Amino acid sequence: MLSAAKSQKSRIFAGVFQKHNVTNNMYKPEFQKREVIVFRQFQRKGWSLFACLGREVVISVLSVATLSATKAANISDEVWRADSAQTTKEIWLGDVGVTGSRAPLTQSQAARMVTVLSHDDIAQAPVQSVNDLLKYAVGADVRQRGPLGSQTDISIRGGTQEQIIVLLNGINICDPQTGHNVIDLPCQLSEIIRVEVLEGPAGRAYGTSSLVGAINIVTRPDRESGADVTLEGGSFGYGKAGVRANLRNARWNNQLSASYARSDGYSRSKADRLNTDFSGSKAFYQGGYDDEHVRLSWHIGLADKGWGSGTFYATPRWQADEQYEHTTKLFTALQAETKQGAVRLRPSVYWNQNRDRYEGYRGQPDVMKYNYNRCNVYGANLNSYFDWAAGRTAFGAEIRNEDLVSGNLGEPLFKPQHIHGTDRDYTLGINRTNTSAHLEHNVLLDRLTLSAGFVAMKSSWSAAGWKLYPGVDVSYRFKDNWKIFASYNSSMRLPSFTEMYYKLQGYAADPHLKPEEMQAIEAGAQYVSPTLQMKASVWHHHGQNMIDWIMDTRLGNDAVWQSVNHTKINATGLEASVGLDLKQLLSLNTQHSTLNVSYSYITQDKDLEQGLVSQYALEYLRHKLVARLNTSLWRELSLGLNFRWQDRTGQYTTFSGDVCDYRPYALLDARLQWTKPRYTVYAELNNVLDNRDYVDFGNVPQPGAWLVVGSRFHF
């Protein structure tokens, strides 16, 4: 039932609410943000939004706090919000958002917390890639080998880059060959409307590959026809040009973008040649169709990039400093969503291809043969849900085939396949099919949400049968501003093909690795008001058969990196964050001014024997502190300051044979921006303090300060 003040009735049925000033906090709720409201579903059906809320919704124009809209895999990203005269809880009209579950739930109902980086957060951050953006998520560990997104490993809560799942519009785009280059996306940063980070095992929500967390990158065509042009330039010979055009016609929407970026690099090899340069192109087409019965969306993307890898994968035994890598990635997907009927269906099909060429000695195949890999991933999934007297139930299944042909990884092929553009053949390969099914039920009461279910998984690679990984989330809302939450979740991950088969230049992989398994518990509380937002949580992970690369330095020149299963690793951590709206709190005479501070602490109880060093699993961020200030200075001029301090546990062996501890370091980034409706001009200075001594990976030098200036024009 809907009611409203009579004086506002005409405006309500016109569906128009004027806008307040927008105040955005990175990873935090948005405040005083009015939206045009679209009323779509007033039917008295079991699946209608108001029926599932089970309460009277009162519409008014009072200014209250609303939470940031979020979306998970395969869920619509059109979310409309209304203010309520009776409560500060968020009520979403029409399309329903979802957080951390298979069934769509409103943000206030969601039992599991998801960190959301909004479009405004992305636009204001001093970054040129998603890799760099995630540095400001306190639960993410971004280990950079090269700047400006050239090569970065990303993990969550002490895990490795192999243990997270990355999704593009809800589609799993992970490469089973390796997780090193998973964030090489086909879209431009300006096309991303939201990045969602779910911390902890997410098998029930995103599939079993999400051992320690998930990252979902959401793109969407513009709502209106138009075009954008972006130009950037900066230090180390950096340059970038990008264009985007969108055509909207009634129910159809089509958008096409393309960009090119390059850099000379920031260091040279011993032979005095550039060895950290990069260049690459991207192209991305996304389209959609929407009517009263069905919503369709699709995308086709291409990302092609080559970069000098310097000492990225060097070892004390193999001190190569002129490595090089080139990747070409193809992304395709078709998704649908029914909008009527007792059971809602969300099917999708996808095909992703990853091609990789690795050169141990750049441009010298006679010294070391190039490694060629081609991996095709085909998948189809169905996610469905329905409402009934006991709540909301979701169910579905996915089948995913992973096929690799290689010159170095896998078992001998029955028939070699020619490598296009070369005089060589793929002689090795591996193929596996992973099948999963999920079931989840959500009990939605006035202030309590209980979500429980499981995912079952089986792989043709393993002789084991079906295995279940359960999970349960619960949250309780009280005093309007407070929410407490707790969860238990589990998941697993199959070893990557590199972990199973890589055996070159100081690496010795084990093809008989067992799948990793993780169980986790978490509890916390959240407070949200117009001027203050706080969140704190404590978590514990229990991992079995965790995969890592370790080296026994006691073997001297015979030491190699070996892939192994650790028997178990226990990790415990806490996270806390505070966000302040300084404009309202201090009554500042500015358009906006916000401050956010976040801190994360992790400890693990798995210690290596004397002389053994770990490459990933036991090199984690014990401490991470992130602070972000965003404020308007004068008229359309704004300033963003982003500070990071982190302390990594673990050791690395230098080329001279010395074993060194990772040292803590601090970095400050800044962005100055002038924003007008038709154009934006900005200057970014990363590593303002010119810190050249910090190390993310052993034996990989980092650049000092680098400057980027750019502009974006909208037509």
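One-based numbering along the sequence shown. Note that the structure is predicted; figures quoted are calculated from it, not measured.
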Exercise. For the pair Lys339 and Arg295, evaluate side-chain contact (heavy atoms from CB on, under 4.5 Å) and give the outcome as yes or no after the intermediate values.
Key: CA-CA 7 Å; Lys339 301 168 70 173; Arg295 178 183 293 110; 3.9 Å; yes

Quiz item: Can you list the steps and then say if Arg712 with Ser190 is a side-chain contact (heavy atoms from CB on, under 4.5 Å)?
Solution: CA-CA 10 Å; Arg712 182 176 300 111; Ser190 60; 4.0 Å; yes

Quiz item: Are Phe278 and Tyr238 close enough, and set up right, to give a side-chain contact (heavy atoms from CB on, under 4.5 Å), and what steps lead you there?
Solution: CA-CA 9 Å; Phe278 72 85; Tyr238 171 73; 4.2 Å; yes

Practice problem: Report the C-alpha distance between Arg244 and Asp222 in whole Å, list the side-chain angles of each, state the deciding distance to 0.1 Å, and finish with yes or no for salt bridge (Lys or Arg N to Asp or Glu O under 4.0 Å). | Solution: CA-CA 10 Å; Arg244 179 178 60 164; Asp222 288 340; 3.8 Å; yes

Exercise. Using the side-chain contact (heavy atoms from CB on, under 4.5 Å) rule, take Tyr206 and Asn172 through it: C-alpha gap first, then chi angles, then the decisive distance, then the call.
Key: CA-CA 8 Å; Tyr206 292 98; Asn172 183 351; over 6 Å; no

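The closest side-chain heavy-atom distance from Asp581 to Pro530 is not below 4.5 Å. The closest side-chain heavy-atom distance from Asn354 to Gln177 is not below 4.5 Å. Side chains of Gln335 and Ile171 form a contact here, defined as non-hydrogen atoms less than 4.5 Å apart. Counting heavy atoms from C-beta on, the side chains of Asp121 and Tyr136 never come closer than 4.5 Å. Contact of the Ile215 side chain with the Ile156 side chain is registered, since non-hydrogen atoms from C-beta on lie closer than 4.5 Å.
Considering Asp184, Leu189, Thr152 as possible partners of Val130, the one that fulfils the side-chain contact (heavy atoms from CB on, under 4.5 Å) test is Leu189. Among Asn352, Leu302, Asn181, the single residue meeting the side-chain contact (heavy atoms from CB on, under 4.5 Å) criterion with Lys329 is Asn181. Checking Asn169, Val166, Leu167, Ile193 one by one against Ile217, the side-chain contact (heavy atoms from CB on, under 4.5 Å) holds for a single residue, Val166. Looking at Leu117, Ile122, Leu168 one by one, the single match for side-chain contact (heavy atoms from CB on, under 4.5 Å) with Ile192 turns out to be Ile122.
Side-chain atoms of Arg346 do not come within 3.5 Å of backbone N or O of Asn381 as any donor-acceptor pair. Between the side chain of Gln188 and the backbone N or O of Ala258, at least one donor-acceptor pair lies under 3.5 Å. Put simply, the side chain of Glu440 gets close to the backbone of Ala103: a donor and an acceptor are under 3.5 Å apart.
In terms of the side chain to side chain donor-acceptor pair (under 3.5 Å) criterion, residue partners of His438 (sequence neighbours excluded) are, by chain and number, Asn383. Tyr260 pairs by the ring pair (Phe, Tyr, Trp, His ring centres under 6.0 Å) definition with nothing, not counting sequence neighbours. Taking the ring pair (Phe, Tyr, Trp, His ring centres under 6.0 Å) definition, one finds that His441 meets it with Trp388, sequence neighbours left out. By the side-chain contact (heavy atoms from CB on, under 4.5 Å) test, Leu247 is found to be paired with Ser225, residues two or more places apart in sequence or in another chain being considered. In this structure, the ring pair (Phe, Tyr, Trp, His ring centres under 6.0 Å) partners of Phe284, at least two apart in sequence or on a different chain, are His299. Considering only residues two or more places apart in sequence or on other chains, Phe713 meets the side-chain contact (heavy atoms from CB on, under 4.5 Å) condition with Tyr679, Ser711, Phe715.
Judged by the 6.0 Å and 45° rule, Arg102 forms no cation-pi pair with Tyr385.
Taking the six-membered ring where the residue is Trp, Tyr289 and Trp252 present tilted rings, their angle falling between 30° and 60°.
Counted within 6.0 Å of CD on Glu292, heavy atoms from surrounding residues, nucleotides or ligands total more than 12; the atom is thus considered enclosed.
Between Arg204 and Asp473, at least one side-chain N (NZ, or NE/NH1/NH2) sits under 4.0 Å from a carboxylate O, which counts as a salt bridge.
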